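Because only heavy atoms are used, hydrogens play no part in the values below, and waters and symmetry mates are left out as well, while side chains stay in. Everything numeric here is computed off the predicted structure, so don't read it as measured data. All residue numbers refer to positions in the sequence shown, counting from 1.
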Amino acid sequence: MRVFADIDEVAAAAGEHLGHTDWIEIDQDRVDLFADATGDHQWIHVDPERAAAGPFGATIAHGYLSLSMLAYFAPRVISVTRKPTMSINYGLDRVRFLQPVTVGSRIRDGVVLSDVRQTPKGVLVTLAHTVEIEGAERPALVADSLGLWVA
């Protein structure tokens, strides 16, 4: 966890790797809850018996579930002591799903503070995420998340 005093310290660290989160297991309960929340009950996600005979040998997390884990990971990598009044999810850039996450796998996030820019609306902070799968050569996904920090 990198802790910064304020946005000026964050800006000075632009380009730095902030570290990795701890590993977290993606279990079937999490996948099923995500399926319920989104209405995506495709068998590859929710039917362990059928998925065992499928292309990945097990159920897999939805790509968007893996992506949604960025909201879980980010505050475990970066913190600001003098926080902005609010931080708004401003969007994503360059999202790529590179490898499926099978249920029972453990993932973690490696984060680079790519850019910090002042805009008329606030400070735009870009984090480059690489979500790794424990023991896998390729990451599950890469994505740049954009946060708008308003004073």
Once salt bridge (charged side-chain N to carboxylate O under 4.0 Å, His left out) is applied, what residue pairs with a partner in residues 120-132 remain, sequence neighbours excluded?
R108-E132
Identify, with sequence neighbours excluded, every residue that meets side-chain contact (heavy atoms from CB on, under 4.5 Å) alongside P84.
W149
Transitively linked via ILVMFWY side-chain contacts under 4.5 Å: L146 with L148?
yes
V116 with V80, same ILVMFWY side-chain cluster at under 4.5 Å
yes
Do L124 and M86 share a hydrophobic cluster (ILVMFWY, side-chain heavy atoms under 4.5 Å, transitive)?
yes
Under the salt bridge (charged side-chain N to carboxylate O under 4.0 Å, His left out) definition, can you give me all pairs with a residue in residues 10-21, not counting sequence neighbours?
R2-E16
Which residues satisfy the side-chain contact (heavy atoms from CB on, under 4.5 Å) test with V95, sequence neighbours excluded?
L67, L92, F97, A143
Kindly write out the residues that satisfy side-chain hydrogen bond (donor to acceptor under 3.5 Å, both in side chains) with T130, not counting sequence neighbours, or none if the list is empty.
none
L70 and L127: CA distance, side-chain angles, deciding distance, side chain to side chain contact (heavy atoms under 4.5 Å, CB included) verdict:
CA-CA 10 Å; L70 300 186; L127 301 177; over 6 Å; no
Would you list the atom pairs, donor with acceptor, under 3.5 Å between side chains in residues 4-11 and any protein atom, with sequence neighbours excluded?
from	atom 1	to	atom 2	distance (Å)
D6	OD1	D8	N	3.1
D6	OD1	E9	N	3.0
D6	OD2	R82	NH2	2.7
E9	OE1	A5	N	2.9

Under 3.5 Å, sequence neighbours excluded: what are the donor-acceptor pairs made by side chains of residues 71-79?
from	atom 1	to	atom 2	distance (Å)
Y72	OH	R76	NE	3.4
R76	NH1	Y72	O	2.7

Could you list the residues that satisfy salt bridge (charged side-chain N to carboxylate O under 4.0 Å, His left out) with D115, not counting sequence neighbours?
R117
Salt bridge (charged side-chain N to carboxylate O under 4.0 Å, His left out) against R106, all qualifying residues, sequence neighbours excluded
E134
Please list all pairs passing the salt bridge (charged side-chain N to carboxylate O under 4.0 Å, His left out) test where one or both residues lie in residues 46-58, with sequence neighbours left out.
none
For residues 138-151, pull every pair meeting salt bridge (charged side-chain N to carboxylate O under 4.0 Å, His left out), keeping only residues two or more places apart or in separate chains.
R94-D144
Out of curiosity, does I60 fall in the hydrophobic cluster containing I133 (side-chain heavy atoms, cut-off under 4.5 Å, transitive links)?
no
List, one per line, each side-chain donor-acceptor pair under 3.5 Å for residues 29-39, sequence neighbours excluded.
from	atom 1	to	atom 2	distance (Å)
D32	OD1	Q28	NE2	2.8
D36	OD1	H41	NE2	2.8
T38	OG1	F34	O	3.0
T38	OG1	D40	N	3.3

